[in-house]
Asker: 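One structure coming up, written as C-alpha coordinates, with questions to follow.
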Number of protein chains: 2
Amino acid sequence: MPKRVDHEQRRRQIGEALLRIASTRGLQSATMREVAAEAGVSLRLVQYYFHTKEQLLLAALAYLGEQLTERVSASIRALGPVTARTVVYGTLTAALPTDEESVRLTRAYTGFYTLVFSEPEMAERHGAVYPDKLESLLAKHIAAAQEAGEVAGDVDPKLTAAALLALTNGLGSSVLGGQRNGAAALRILEDQLGRLFRPLD
Amino acid sequence: MPKRVDHEQRRRQIGEALLRIASTRGLQSATMREVAAEAGVSLRLVQYYFHTKEQLLLAALAYLGEQLTERVSASIRALGPVTARTVVYGTLTAALPTDEESVRLTRAYTGFYTLVFSEPEMAERHGAVYPDKLESLLAKHIAAAQEAGEVAGDVDPKLTAAALLALTNGLGSSVLGGQRNGAAALRILEDQLGRLFRPLD
DNA sequence: CGTTTAGTGATACGAGCGTATCATCAAGCG
DNA sequence: CGCTTGATGATACGCTCGTATCACTAAACG
(Lines give C-alpha, C1' and ligand atoms only; values in the text may rest on other atoms or scores of the structure.)
Protein backbone atom coordinates (compact mmCIF):
# COMPACT_ATOMS: atom_id res chain seq x y z
CA MET A 1 0.00 0.00 0.00
CA PRO A 2 1.18 3.53 -0.57
CA LYS A 3 2.17 6.18 1.84
CA ARG A 4 -0.08 5.18 4.73
CA VAL A 5 -1.38 8.70 5.20
CA ASP A 6 -2.81 10.23 8.39
CA HIS A 7 -6.55 10.05 7.88
CA GLU A 8 -7.52 12.58 10.49
CA GLN A 9 -5.18 15.18 9.07
CA ARG A 10 -6.50 14.61 5.55
CA ARG A 11 -10.08 14.87 6.72
CA ARG A 12 -9.25 18.10 8.46
CA GLN A 13 -7.55 19.47 5.38
CA ILE A 14 -10.65 18.77 3.31
CA GLY A 15 -13.04 20.00 5.97
CA GLU A 16 -11.17 23.27 6.30
CA ALA A 17 -11.32 23.69 2.54
CA LEU A 18 -15.09 23.43 2.74
CA LEU A 19 -15.21 26.02 5.50
CA ARG A 20 -13.04 28.34 3.44
CA ILE A 21 -15.44 28.06 0.53
CA ALA A 22 -18.47 28.48 2.79
CA SER A 23 -17.09 31.71 4.20
CA THR A 24 -16.22 33.21 0.83
CA ARG A 25 -18.46 31.95 -1.92
CA GLY A 26 -21.16 30.53 0.36
CA LEU A 27 -22.01 27.04 1.47
CA GLN A 28 -24.13 26.37 -1.60
CA SER A 29 -20.98 26.77 -3.69
CA ALA A 30 -19.25 24.08 -1.69
CA THR A 31 -19.77 21.24 -4.12
CA MET A 32 -17.68 18.12 -3.89
CA ARG A 33 -15.58 19.20 -6.85
CA GLU A 34 -15.05 22.72 -5.52
CA VAL A 35 -13.97 21.41 -2.16
CA ALA A 36 -11.56 19.03 -3.83
CA ALA A 37 -10.02 21.84 -5.86
CA GLU A 38 -9.80 24.13 -2.84
CA ALA A 39 -8.12 21.41 -0.80
CA GLY A 40 -5.79 20.62 -3.67
CA VAL A 41 -6.86 17.00 -3.96
CA SER A 42 -8.85 14.99 -6.44
CA LEU A 43 -12.59 14.53 -6.31
CA ARG A 44 -12.02 10.87 -5.67
CA LEU A 45 -10.10 11.65 -2.49
CA VAL A 46 -12.93 13.69 -1.06
CA GLN A 47 -15.22 10.76 -1.73
CA TYR A 48 -12.73 8.40 -0.22
CA TYR A 49 -12.49 10.19 3.10
CA PHE A 50 -16.15 11.18 3.23
CA HIS A 51 -18.35 8.57 1.60
CA THR A 52 -21.17 11.07 1.19
CA LYS A 53 -21.55 14.82 1.12
CA GLU A 54 -23.54 14.84 4.32
CA GLN A 55 -20.62 13.28 6.17
CA LEU A 56 -18.36 15.99 4.80
CA LEU A 57 -20.74 18.72 5.90
CA LEU A 58 -21.07 17.21 9.34
CA ALA A 59 -17.31 16.94 9.81
CA ALA A 60 -16.81 20.52 8.67
CA LEU A 61 -19.52 21.66 11.05
CA ALA A 62 -17.69 19.97 13.88
CA TYR A 63 -14.46 21.75 12.97
CA LEU A 64 -16.35 25.02 12.83
CA GLY A 65 -17.77 24.39 16.27
CA GLU A 66 -14.27 23.87 17.64
CA GLN A 67 -13.07 27.15 16.19
CA LEU A 68 -16.12 28.95 17.47
CA THR A 69 -15.81 27.86 21.09
CA GLU A 70 -12.08 28.47 20.86
CA ARG A 71 -12.70 32.04 19.80
CA VAL A 72 -15.30 32.67 22.46
CA SER A 73 -13.11 31.49 25.29
CA ALA A 74 -10.16 33.43 23.92
CA SER A 75 -12.31 36.53 23.82
CA ILE A 76 -13.36 36.03 27.43
CA ARG A 77 -9.78 35.45 28.51
CA ALA A 78 -8.68 38.64 26.76
CA LEU A 79 -11.04 40.68 28.91
CA GLY A 80 -9.05 39.96 32.03
CA PRO A 81 -10.39 38.33 35.18
CA VAL A 82 -13.37 36.08 34.60
CA THR A 83 -16.42 37.83 36.02
CA ALA A 84 -20.07 37.66 35.07
CA ARG A 85 -19.60 40.88 33.17
CA THR A 86 -16.59 39.75 31.16
CA VAL A 87 -18.21 36.44 30.29
CA VAL A 88 -21.28 38.17 28.91
CA TYR A 89 -19.30 40.81 27.05
CA GLY A 90 -16.72 38.35 25.77
CA THR A 91 -19.22 35.80 24.57
CA LEU A 92 -21.43 38.22 22.69
CA THR A 93 -18.74 40.39 21.16
CA ALA A 94 -16.87 37.30 20.00
CA ALA A 95 -19.92 36.22 18.05
CA LEU A 96 -20.10 39.52 16.19
CA PRO A 97 -18.39 39.70 12.80
CA THR A 98 -15.97 42.51 13.57
CA ASP A 99 -12.63 41.29 12.28
CA GLU A 100 -11.61 39.07 9.42
CA GLU A 101 -11.66 35.85 11.39
CA SER A 102 -15.06 36.45 12.93
CA VAL A 103 -16.49 37.37 9.54
CA ARG A 104 -15.23 34.05 8.26
CA LEU A 105 -16.69 32.13 11.18
CA THR A 106 -19.99 33.95 11.12
CA ARG A 107 -20.37 33.49 7.39
CA ALA A 108 -19.72 29.79 7.62
CA TYR A 109 -21.98 29.41 10.62
CA THR A 110 -24.80 31.27 8.90
CA GLY A 111 -24.39 28.97 5.94
CA PHE A 112 -24.97 25.92 8.08
CA TYR A 113 -27.78 27.58 9.95
CA THR A 114 -29.68 28.32 6.76
CA LEU A 115 -28.90 24.86 5.48
CA VAL A 116 -30.82 23.44 8.41
CA PHE A 117 -33.78 25.57 7.36
CA SER A 118 -34.02 23.66 4.12
CA GLU A 119 -32.89 20.20 5.25
CA PRO A 120 -34.32 19.72 8.72
CA GLU A 121 -33.77 15.96 8.42
CA MET A 122 -30.03 16.46 8.54
CA ALA A 123 -30.35 18.30 11.83
CA GLU A 124 -32.61 15.60 13.20
CA ARG A 125 -30.15 12.86 12.34
CA HIS A 126 -27.70 14.61 14.68
CA GLY A 127 -28.80 16.29 17.86
CA ALA A 128 -27.84 19.39 19.71
CA VAL A 129 -27.90 22.77 18.15
CA TYR A 130 -26.21 24.35 21.10
CA PRO A 131 -27.46 27.94 21.31
CA ASP A 132 -29.68 26.74 24.14
CA LYS A 133 -26.66 25.98 26.27
CA LEU A 134 -25.22 29.39 25.52
CA GLU A 135 -28.47 30.98 26.52
CA SER A 136 -28.66 29.34 29.92
CA LEU A 137 -25.00 30.09 30.50
CA LEU A 138 -25.59 33.77 29.85
CA ALA A 139 -28.71 33.73 32.01
CA LYS A 140 -26.70 32.24 34.86
CA HIS A 141 -24.08 34.95 34.66
CA ILE A 142 -26.65 37.71 34.41
CA ALA A 143 -28.33 36.37 37.52
CA ALA A 144 -24.95 36.32 39.27
CA ALA A 145 -24.28 39.91 38.28
CA GLN A 146 -27.71 40.76 39.56
CA GLU A 147 -26.98 39.35 42.99
CA ALA A 148 -23.70 41.27 42.98
CA GLY A 149 -25.68 44.44 42.39
CA GLU A 150 -24.23 45.03 38.95
CA VAL A 151 -27.56 44.54 37.21
CA ALA A 152 -30.90 46.06 38.15
CA GLY A 153 -33.10 43.81 40.24
CA ASP A 154 -36.13 43.89 37.97
CA VAL A 155 -34.50 42.27 34.93
CA ASP A 156 -35.43 38.72 34.10
CA PRO A 157 -32.14 36.90 33.51
CA LYS A 158 -33.56 34.29 31.17
CA LEU A 159 -35.53 36.71 29.03
CA THR A 160 -32.60 39.09 28.90
CA ALA A 161 -30.10 36.40 27.95
CA ALA A 162 -32.36 35.30 25.13
CA ALA A 163 -32.75 38.88 23.97
CA LEU A 164 -29.01 39.53 23.97
CA LEU A 165 -28.35 36.38 21.98
CA ALA A 166 -31.05 37.18 19.46
CA LEU A 167 -29.77 40.75 19.24
CA THR A 168 -26.26 39.53 18.53
CA ASN A 169 -27.52 37.15 15.88
CA GLY A 170 -29.55 39.89 14.24
CA LEU A 171 -26.63 42.28 14.30
CA GLY A 172 -24.41 39.64 12.76
CA SER A 173 -26.88 39.14 9.94
CA SER A 174 -27.04 42.85 9.29
CA VAL A 175 -23.26 43.05 9.03
CA LEU A 176 -23.07 40.05 6.70
CA GLY A 177 -25.88 41.54 4.68
CA GLY A 178 -23.89 44.72 4.24
CA GLN A 179 -26.34 46.90 6.11
CA ARG A 180 -23.64 48.15 8.46
CA ASN A 181 -20.07 47.31 9.39
CA GLY A 182 -18.78 45.39 12.37
CA ALA A 183 -17.83 48.47 14.33
CA ALA A 184 -21.34 49.90 14.09
CA ALA A 185 -22.80 46.60 15.20
CA LEU A 186 -20.43 46.49 18.13
CA ARG A 187 -21.49 49.99 19.14
CA ILE A 188 -25.13 48.94 19.17
CA LEU A 189 -24.41 45.84 21.23
CA GLU A 190 -22.26 47.74 23.71
CA ASP A 191 -24.94 50.37 24.09
CA GLN A 192 -27.38 47.67 25.14
CA LEU A 193 -24.88 45.96 27.42
CA GLY A 194 -23.99 49.31 28.92
CA ARG A 195 -27.55 49.94 29.94
CA LEU A 196 -27.96 46.45 31.32
CA PHE A 197 -24.88 46.57 33.50
CA ARG A 198 -24.49 49.38 35.99
CA PRO A 199 -21.44 51.52 35.17
CA LEU A 200 -18.24 50.45 36.88
CA ASP A 201 -17.25 52.88 39.63
CA MET B 1 -55.07 34.81 -30.61
CA PRO B 2 -56.59 32.87 -27.80
CA LYS B 3 -58.34 34.04 -24.71
CA ARG B 4 -56.55 37.38 -24.26
CA VAL B 5 -55.74 36.71 -20.65
CA ASP B 6 -55.00 39.27 -17.96
CA HIS B 7 -51.24 39.32 -17.72
CA GLU B 8 -50.97 40.96 -14.35
CA GLN B 9 -53.31 38.46 -12.78
CA ARG B 10 -51.40 35.53 -14.27
CA ARG B 11 -48.10 36.92 -13.09
CA ARG B 12 -49.53 37.32 -9.65
CA GLN B 13 -50.86 33.78 -9.64
CA ILE B 14 -47.42 32.46 -10.48
CA GLY B 15 -45.62 34.78 -8.10
CA GLU B 16 -47.87 33.73 -5.25
CA ALA B 17 -47.16 30.11 -6.06
CA LEU B 18 -43.47 30.80 -5.66
CA LEU B 19 -44.08 32.48 -2.32
CA ARG B 20 -46.12 29.51 -1.19
CA ILE B 21 -43.27 27.16 -2.01
CA ALA B 22 -40.71 29.47 -0.42
CA SER B 23 -42.63 29.50 2.83
CA THR B 24 -43.13 25.76 3.00
CA ARG B 25 -40.35 23.88 1.25
CA GLY B 26 -37.92 26.79 1.10
CA LEU B 27 -36.88 29.13 -1.65
CA GLN B 28 -34.22 26.73 -2.96
CA SER B 29 -37.05 24.30 -3.77
CA ALA B 30 -38.75 26.91 -5.86
CA THR B 31 -37.57 25.69 -9.24
CA MET B 32 -39.33 26.78 -12.39
CA ARG B 33 -41.01 23.41 -12.67
CA GLU B 34 -42.13 23.35 -9.04
CA VAL B 35 -43.57 26.82 -9.33
CA ALA B 36 -45.42 25.83 -12.48
CA ALA B 37 -46.92 22.80 -10.77
CA GLU B 38 -47.87 24.79 -7.67
CA ALA B 39 -49.54 27.45 -9.78
CA GLY B 40 -51.29 24.79 -11.84
CA VAL B 41 -49.80 25.89 -15.13
CA SER B 42 -47.24 24.50 -17.51
CA LEU B 43 -43.55 25.22 -17.32
CA ARG B 44 -43.81 27.03 -20.60
CA LEU B 45 -46.29 29.48 -19.13
CA VAL B 46 -43.96 30.42 -16.33
CA GLN B 47 -41.28 31.06 -18.92
CA TYR B 48 -43.73 33.03 -21.00
CA TYR B 49 -44.67 35.48 -18.28
CA PHE B 50 -41.19 35.65 -16.75
CA HIS B 51 -38.49 35.28 -19.37
CA THR B 52 -35.92 34.36 -16.75
CA LYS B 53 -35.94 33.03 -13.22
CA GLU B 54 -34.48 36.21 -11.85
CA GLN B 55 -37.48 38.15 -13.13
CA LEU B 56 -39.76 35.68 -11.41
CA LEU B 57 -37.91 36.02 -8.13
CA LEU B 58 -37.97 39.79 -8.35
CA ALA B 59 -41.69 39.90 -9.03
CA ALA B 60 -42.39 37.53 -6.17
CA LEU B 61 -40.23 39.64 -3.89
CA ALA B 62 -42.28 42.68 -4.82
CA TYR B 63 -45.51 40.84 -3.97
CA LEU B 64 -43.99 39.78 -0.67
CA GLY B 65 -43.06 43.37 0.08
CA GLU B 66 -46.65 44.45 -0.48
CA GLN B 67 -47.95 41.82 1.91
CA LEU B 68 -45.34 42.72 4.49
CA THR B 69 -46.09 46.44 4.59
CA GLU B 70 -49.78 45.61 4.52
CA ARG B 71 -49.37 43.45 7.60
CA VAL B 72 -47.31 45.99 9.45
CA SER B 73 -49.77 48.81 8.93
CA ALA B 74 -52.66 46.53 9.86
CA SER B 75 -50.85 45.61 13.05
CA ILE B 76 -50.32 49.26 13.91
CA ARG B 77 -53.95 50.09 13.20
CA ALA B 78 -55.09 47.24 15.42
CA LEU B 79 -53.32 48.80 18.40
CA GLY B 80 -55.68 51.77 18.42
CA PRO B 81 -54.66 55.42 18.13
CA VAL B 82 -51.40 55.96 16.28
CA THR B 83 -48.80 57.00 18.82
CA ALA B 84 -45.06 56.57 18.89
CA ARG B 85 -45.55 53.64 21.21
CA THR B 86 -48.10 51.83 19.07
CA VAL B 87 -46.03 52.33 15.93
CA VAL B 88 -42.97 50.77 17.54
CA TYR B 89 -44.92 47.93 19.11
CA GLY B 90 -46.99 47.30 16.02
CA THR B 91 -44.10 47.32 13.62
CA LEU B 92 -41.91 44.98 15.60
CA THR B 93 -44.54 42.51 16.74
CA ALA B 94 -45.88 42.29 13.20
CA ALA B 95 -42.47 41.16 12.00
CA LEU B 96 -42.36 38.33 14.51
CA PRO B 97 -43.54 34.92 13.30
CA THR B 98 -46.33 34.40 15.80
CA ASP B 99 -49.29 33.25 13.74
CA GLU B 100 -49.61 31.23 10.58
CA GLU B 101 -49.52 34.21 8.24
CA SER B 102 -46.47 35.79 9.81
CA VAL B 103 -44.65 32.47 9.78
CA ARG B 104 -45.34 32.28 6.06
CA LEU B 105 -44.16 35.83 5.46
CA THR B 106 -41.08 35.50 7.63
CA ARG B 107 -40.11 32.22 6.04
CA ALA B 108 -40.38 33.64 2.57
CA TYR B 109 -38.59 36.81 3.55
CA THR B 110 -35.74 34.87 5.14
CA GLY B 111 -35.44 32.86 1.97
CA PHE B 112 -34.88 35.97 -0.08
CA TYR B 113 -32.57 37.43 2.50
CA THR B 114 -30.31 34.40 2.44
CA LEU B 115 -30.50 34.33 -1.34
CA VAL B 116 -28.90 37.75 -1.41
CA PHE B 117 -26.06 36.36 0.65
CA SER B 118 -25.12 34.03 -2.15
CA GLU B 119 -26.04 36.18 -5.17
CA PRO B 120 -25.12 39.72 -4.23
CA GLU B 121 -25.19 40.70 -7.92
CA MET B 122 -28.95 40.23 -7.99
CA ALA B 123 -29.34 42.68 -5.15
CA GLU B 124 -27.04 45.14 -6.86
CA ARG B 125 -29.02 45.03 -10.06
CA HIS B 126 -31.99 46.33 -8.07
CA GLY B 127 -31.68 48.83 -5.28
CA ALA B 128 -33.41 49.30 -2.01
CA VAL B 129 -33.22 46.77 0.70
CA TYR B 130 -35.53 48.72 2.88
CA PRO B 131 -34.68 47.82 6.49
CA ASP B 132 -32.80 51.12 6.59
CA LYS B 133 -36.00 53.06 6.12
CA LEU B 134 -37.67 51.03 8.84
CA GLU B 135 -34.78 51.79 11.15
CA SER B 136 -34.94 55.54 10.73
CA LEU B 137 -38.71 55.43 11.07
CA LEU B 138 -38.42 53.62 14.39
CA ALA B 139 -35.68 55.98 15.52
CA LYS B 140 -37.92 58.94 14.74
CA HIS B 141 -40.76 57.53 16.80
CA ILE B 142 -38.49 56.65 19.68
CA ALA B 143 -37.17 60.21 19.69
CA ALA B 144 -40.74 61.49 19.70
CA ALA B 145 -41.63 59.25 22.62
CA GLN B 146 -38.55 60.54 24.36
CA GLU B 147 -39.66 64.14 24.04
CA ALA B 148 -43.06 63.14 25.32
CA GLY B 149 -41.39 61.71 28.40
CA GLU B 150 -42.34 58.14 27.64
CA VAL B 151 -38.76 57.03 27.12
CA ALA B 152 -35.77 57.76 29.34
CA GLY B 153 -33.68 60.71 28.25
CA ASP B 154 -30.38 58.89 28.03
CA VAL B 155 -31.35 56.43 25.31
CA ASP B 156 -29.93 56.96 21.86
CA PRO B 157 -32.88 56.67 19.45
CA LYS B 158 -30.84 55.54 16.47
CA LEU B 159 -28.83 52.91 18.35
CA THR B 160 -31.95 51.68 20.09
CA ALA B 161 -33.97 51.44 16.90
CA ALA B 162 -31.20 49.42 15.29
CA ALA B 163 -31.02 47.16 18.31
CA LEU B 164 -34.77 46.55 18.37
CA LEU B 165 -34.79 45.69 14.70
CA ALA B 166 -31.84 43.33 15.02
CA LEU B 167 -33.44 41.78 18.09
CA THR B 168 -36.65 41.16 16.20
CA ASN B 169 -34.76 39.63 13.30
CA GLY B 170 -32.80 37.39 15.62
CA LEU B 171 -35.94 36.33 17.44
CA GLY B 172 -37.59 35.54 14.14
CA SER B 173 -34.70 33.34 13.13
CA SER B 174 -34.83 31.47 16.41
CA VAL B 175 -38.53 30.77 15.93
CA LEU B 176 -38.05 29.60 12.35
CA GLY B 177 -35.13 27.48 13.52
CA GLY B 178 -37.38 25.77 16.04
CA GLN B 179 -35.49 27.04 19.05
CA ARG B 180 -38.63 28.54 20.59
CA ASN B 181 -42.19 29.31 19.55
CA GLY B 182 -43.69 32.61 18.53
CA ALA B 183 -45.26 33.28 21.92
CA ALA B 184 -41.93 32.95 23.69
CA ALA B 185 -40.29 35.28 21.19
CA LEU B 186 -43.08 37.80 21.69
CA ARG B 187 -42.55 37.65 25.45
CA ILE B 188 -38.85 38.43 25.02
CA LEU B 189 -39.55 41.33 22.69
CA GLU B 190 -42.24 42.76 24.94
CA ASP B 191 -39.95 42.51 27.93
CA GLN B 192 -37.43 44.69 26.11
CA LEU B 193 -40.05 47.13 24.88
CA GLY B 194 -41.52 47.30 28.36
CA ARG B 195 -38.23 48.41 29.82
CA LEU B 196 -37.68 50.94 27.06
CA PHE B 197 -41.05 52.61 27.43
CA ARG B 198 -42.13 53.95 30.79
CA PRO B 199 -45.19 52.08 32.07
CA LEU B 200 -48.50 53.69 31.15
CA ASP B 201 -50.16 55.29 34.12
C1' DC C 1 -62.79 34.62 -44.89
C1' DG C 2 -58.34 34.30 -44.24
C1' DT C 3 -54.31 35.86 -42.19
C1' DT C 4 -52.00 37.41 -38.31
C1' DT C 5 -50.47 36.69 -33.72
C1' DA C 6 -51.00 36.08 -28.41
C1' DG C 7 -50.96 32.13 -25.87
C1' DT C 8 -49.79 27.31 -24.96
C1' DG C 9 -47.88 22.52 -25.12
C1' DA C 10 -44.20 19.02 -25.77
C1' DT C 11 -39.71 18.23 -25.81
C1' DA C 12 -34.74 18.94 -26.13
C1' DC C 13 -30.13 20.89 -24.76
C1' DG C 14 -26.15 21.68 -22.15
C1' DA C 15 -24.33 22.22 -17.71
C1' DG C 16 -23.55 20.96 -12.96
C1' DC C 17 -24.55 18.03 -9.31
C1' DG C 18 -23.67 13.69 -6.07
C1' DT C 19 -22.34 9.25 -6.61
C1' DA C 20 -20.53 4.93 -8.63
C1' DT C 21 -17.27 2.01 -11.27
C1' DC C 22 -12.99 0.24 -12.71
C1' DA C 23 -8.35 0.23 -13.13
C1' DT C 24 -3.82 1.36 -11.26
C1' DC C 25 -0.09 2.14 -8.08
C1' DA C 26 2.90 1.15 -4.32
C1' DA C 27 3.91 -0.29 0.50
C1' DG C 28 3.70 -4.01 3.72
C1' DC C 29 3.69 -9.04 4.90
C1' DG C 30 4.58 -14.07 4.49
C1' DC D 1 9.57 -12.30 -4.49
C1' DG D 2 4.78 -12.16 -4.98
C1' DC D 3 0.44 -11.36 -3.28
C1' DT D 4 -2.59 -8.56 -0.56
C1' DT D 5 -4.60 -4.29 0.23
C1' DG D 6 -4.79 0.85 1.31
C1' DA D 7 -4.72 4.85 -1.45
C1' DT D 8 -5.53 7.28 -5.81
C1' DG D 9 -6.77 8.59 -10.70
C1' DA D 10 -9.91 8.78 -14.75
C1' DT D 11 -14.22 8.59 -16.18
C1' DA D 12 -19.10 7.62 -16.49
C1' DC D 13 -24.10 7.48 -14.88
C1' DG D 14 -28.38 9.39 -13.81
C1' DC D 15 -30.68 13.28 -12.34
C1' DT D 16 -32.26 18.10 -12.05
C1' DC D 17 -31.75 22.58 -13.25
C1' DG D 18 -32.62 26.96 -16.29
C1' DT D 19 -33.34 27.87 -20.82
C1' DA D 20 -34.33 27.24 -25.76
C1' DT D 21 -36.87 25.43 -29.86
C1' DC D 22 -40.70 24.24 -32.67
C1' DA D 23 -45.15 23.34 -33.60
C1' DC D 24 -49.96 24.22 -32.80
C1' DT D 25 -54.32 26.57 -31.32
C1' DA D 26 -57.75 29.92 -31.53
C1' DA D 27 -59.25 34.73 -31.05
C1' DA D 28 -58.98 39.23 -33.34
C1' DC D 29 -58.91 42.17 -37.33
C1' DG D 30 -58.91 43.89 -42.22
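Naming: A, B, ... by sequence-line order, numbering from 1 per chain. Scope of the values below: all heavy atoms of this structure, side chains included, with no hydrogens, waters or symmetry mates.
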Asker: Could you state the atom-to-atom distance from CD of Q28(B) to C1' of dT16(D) in whole Å?
Answerer: 14 Å

Asker: In this structure, how many angstroms lie between the P atom of dT11(D) and the CG atom of L45(A), rounded?
Answerer: 16 Å

Asker: At less than 4.0 Å, is any side-chain N or O atom of Y48(A) found next to OP1 or OP2 of dA7(D)? Yes or no.
Answerer: yes

Asker: Could you give the CZ-to-P distance, from R33(B) to dG9(C), as a whole number of Å?
Answerer: 16 Å

Asker: Distance check: side-chain N/O of S42(A) vs OP1/OP2 of dT8(D), anything under 4.0 Å?
Answerer: no

Asker: Quick one: which of dA12(D), dA10(C), dT8(D) gets closest to the side chain of R44(B)?
Answerer: dA10(C)

Asker: Heavy-atom count around K53(A) NZ within 6.0 Å, excluding the residue itself: above 12?
Answerer: yes

Asker: Round to the nearest Å and state the distance from E34(A) atom CD to dG18(C) atom C1'.
Answerer: 14 Å

Asker: Quick one: do R20(B) and E38(B) make a salt bridge, cutoff under 4.0 Å?
Answerer: yes

Asker: Which nucleotide in the list dT19(D), dG9(D), dG18(C) gets nearest to the side chain of T52(B)?
Answerer: dT19(D)

Asker: Would you kindly give the CG-to-C1' distance between L43(B) and dG18(D), to the nearest whole Å?
Answerer: 9 Å

Asker: Reckon H7(B) has a side-chain N or O less than 4.0 Å from the OP1 or OP2 of dG7(C)?
Answerer: yes

Asker: Distance only, no hydrogens: is a donor on one side chain within 3.5 Å (strictly under) of an acceptor on the other, for Q13(B) and E8(B)?
Answerer: no

Asker: Starting at CZ of R11(A) and ending at P of dG6(D), how long is that distance when rounded to a whole Å?
Answerer: 17 Å

Asker: In terms of side-chain geometry, is the basic nitrogen of R71(A) or E66(A) positioned less than 4.0 Å from the acidic oxygen of its partner?
Answerer: no

Asker: Please report the distance, rounded to the nearest Å, between CD in Q9(B) and P in dG7(C).
Answerer: 12 Å

Asker: Could you tell me whether R180(A) and E135(B) have a side-chain N and a carboxylate O separated by less than 4.0 Å?
Answerer: yes

Asker: Rounded to whole Å, please give me the gap between NZ in K53(B) and P in dT19(D).
Answerer: 8 Å

Asker: Taking the side chain of Y49(A) as heavy atoms from C-beta outward, which of dA12(D), dT19(D), dT8(D) is closest to it?
Answerer: dT8(D)

